[in-house]
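First the structure, in the form of structure tokens, and then the observations on it.
Just so it is clear, the model here is predicted, and its values are computed rather than measured. Computation of the quantities below employed the complete heavy-atom set of this structure, encompassing side-chain atoms and omitting hydrogens, waters and symmetry-equivalent molecules.
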Number of protein chains: 2
Amino acid sequence: MSPSPMTRAATQTAATGTGIAMPSLSDLCRSVLDSNREKIAIQKPDVALRKLELILTSALELSNGKGFQAMSLRDLSRASGISMGGLYQYFDSKTTLLKMILSGVSGAVEGALADPPPEVEADPRAHLLWLIDTHVRLTEQMLPWFTFSYMEAKNFPLAERRAAIDSEALTESYFANVIARGIASGAFAGSTSPLMPALIKPLLQEWYVKRAKYRRRGVTIETYIATVQQMVLDATGAKALETPPGG
Amino acid sequence: MSPSPMTRAATQTAATGTGIAMPSLSDLCRSVLDSNREKIAIQKPDVALRKLELILTSALELSNGKGFQAMSLRDLSRASGISMGGLYQYFDSKTTLLKMILSGVSGAVEGALADPPPEVEADPRAHLLWLIDTHVRLTEQMLPWFTFSYMEAKNFPLAERRAAIDSEALTESYFANVIARGIASGAFAGSTSPLMPALIKPLLQEWYVKRAKYRRRGVTIETYIATVQQMVLDATGAKALETPPGG
DNA sequence: ACTGATAAAGCGAGCGTTCGCTCGGAAACG
DNA sequence: CGTTTCCGAGCGAACGCTCGCTTTATCAGT
């Protein structure tokens, strides 16, 4: 098995200090396995999990390189070392494989963003910064998954496309809610644009969509997070961070 | 010929007051035709132009609906009313068709952003606002072209992918240059993040990538432009606009 | 500990279909 | 009548997917 960007990830905690655990590759595959149990013919869970990791890792690598549509199942068979017939014991169609990856992404987003730590939730300003931090770190952890989900979204079958839009709307609502609370409590300016929640999203997506660019330029994830946080604070009329990223 | 988002566009001037003309569909196809003359077997220019418009319009519509890869040339033949053999007198491979669309986009971007009116270029602040305004209006005018270019970028052959990255880097450099000049002249804060030019881009792309969302929500292009302009001014430490968008 | 039966998992040639693309001839034009 | 434009059946290749078979794992019974 060739080294992948995900394999290094154990069930580790991100350096945000809030104690939210990021899902490891095994966690993701287990969740995918559980929610597609009826489509998977393999009985022994540990065998299924190991091979599913192989399949999904290879599928993400190939898809992110040439596109899901252009990735043939023969490509996937070769890359994963599993025969054509073997692959079809883990999904009943190529579309199901796509759905599996999507379910992993949307599940992880909800799992990570839905339950902020109590001390953060109490303060809209801290909550907003936490959402930005957690989202960027989650996408970093699951980079191939998010690039896949983002880039292939438009080729989804209709049902999956709707699901993707809903998932995005949900994420946006997290930001909308916290900003609304912040305005109500006086932490954010009342003149904050109603478009603000929608405009935060592309700033978060930028990190994983153009990941190679920032790696090439030597921009660290901490710098990126701090910059976006500062930009959002500026736009919401909140006070500056203690450590301005531009200095 | 079915009505398309582009057909309404004559060679009209955007409402920015700066007098920069946006390219019409005919302009675009003519430029594509000129730069691919050797690949196109048709001799009479007016015939070639009319059919090329048909082909490109249909290709954009189909590709933006199901993806370029998934659009078969038989689909394109049916949609454009031109036979398979007929299509191949306008390009020698499907990849060439893709390149044609890309060249139209990158050409239009450079044509629109490279030469700001003199009175705008003199003032970094006005120049920055003009870049945002012009870029968003250009993408609105050429919506199917930009959606195509953005969504299909990662499936390009390697040479075209590099060209797309270069084109994006060029756009970013326009913002980088004007911000650098603004900092030098004191119009923008020296603490402005060096990431700022890179972060403006996704805010501009958001408009056409999620165009349907903003249409559904009734967000006008003027509101969107003003909001992004305000956000960038906030982040660069410049003074506020006369008419804040949030009020 | 070994064996043989039963089930689980793995395999890849082959099926029907569709793809990008070609080419010889018909149609339209000047 | 020569030239330009248009046409669509047909080519080889590659696609998603299947299925009969082999290999491997499991575990009584001796």
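- Contact between the side-chain N/O atoms of S72(A) and the OP1/OP2 oxygens of dA14(D) is not found at any separation under 4.0 Å.
- Going from atom CG of D75(B) over to atom C1' of dC21(C) covers 15 Å, rounded to whole Å.
- Taking the nucleotide of DNA chain C with the nearest heavy atom to each of K44(B) and S93(B), the more 5' of the two is matched to S93(B).
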| D133(A) and R137(A): CA distance, side-chain angles, deciding distance, salt bridge (Lys or Arg N to Asp or Glu O under 4.0 Å) verdict | CA-CA 6 Å; D133(A) 183 288; R137(A) 290 186 192 278; 2.9 Å; yes
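- Along DNA chain D, the nucleotide closest to G86(A) and the one closest to R74(A) are compared, and the more 5′ of them pairs with R74(A).
- Closest approach to the S83(A) side chain among dG16(D), dC11(C), dC21(C) is made by dC11(C) (side chain taken as heavy atoms from C-beta onward).
- For the pair G85(B) and I82(A), both in contact range of DNA chain C, the more 5′-proximal nearest nucleotide belongs to I82(A).
- At whole-Å resolution of the value, CG in L73(B) and P in dA9(D) are 16 Å apart.
- Nearer the 5' end of DNA chain D, as judged by each residue's closest nucleotide, is the contact made by Q43(B), out of Q43(B) and M84(B).
- Ion pairing of R211(A) with E140(A) is present here, as a side-chain N (NZ or NE/NH1/NH2) and a carboxylate O approach within less than 4.0 Å.
- As a whole-Å value, the separation of L87(A) CG from dC15(D) P is 14 Å.
- Nearest nucleotide to the side chain of I42(B), out of dC21(C), dC6(D), dA9(C): dC6(D).
- Look at NZ on K94(B): it is 12 Å from C1' on dT18(C), rounded to the nearest Å.
- In this structure, Q89(A) places its CD atom 15 Å from P of dC17(D), rounding to the nearest Å.
- Regarding D46(A), its CG atom lies at a distance of 14 Å from the C1' atom of dT26(D), rounded to whole Å.
- Under the 3.5 Å distance criterion, the side-chain polar atoms of T57(A) are matched with a main-chain donor or acceptor of E53(A).
- Summarising the local packing, CZ of R162(A) is surrounded by 12 or fewer heavy atoms from other residues, nucleotides or ligands at distances under 6.0 Å.
- For residues 76-90 of chain B, every residue pair satisfying the salt bridge (charged side-chain N to carboxylate O under 4.0 Å, His left out) rule, not counting sequence neighbours, is listed here: D75(B)-R78(B).
- The phosphate of dG12(C) (OP1 or OP2) has no side-chain N or O of Y88(A) nearer than 4.0 angstrom.
- Listed pair K51(B) / dC6(D) meets the phosphate criterion, a side-chain N or O lying under 4.0 Å from OP1 or OP2.
- With rounding to whole Å, M71(A) atom CE is found 15 Å from dA14(D) atom C1'.
- If you measure from atom CZ of F91(B) to atom P of dC6(D), you get 13 Å, rounded to the nearest angstrom.
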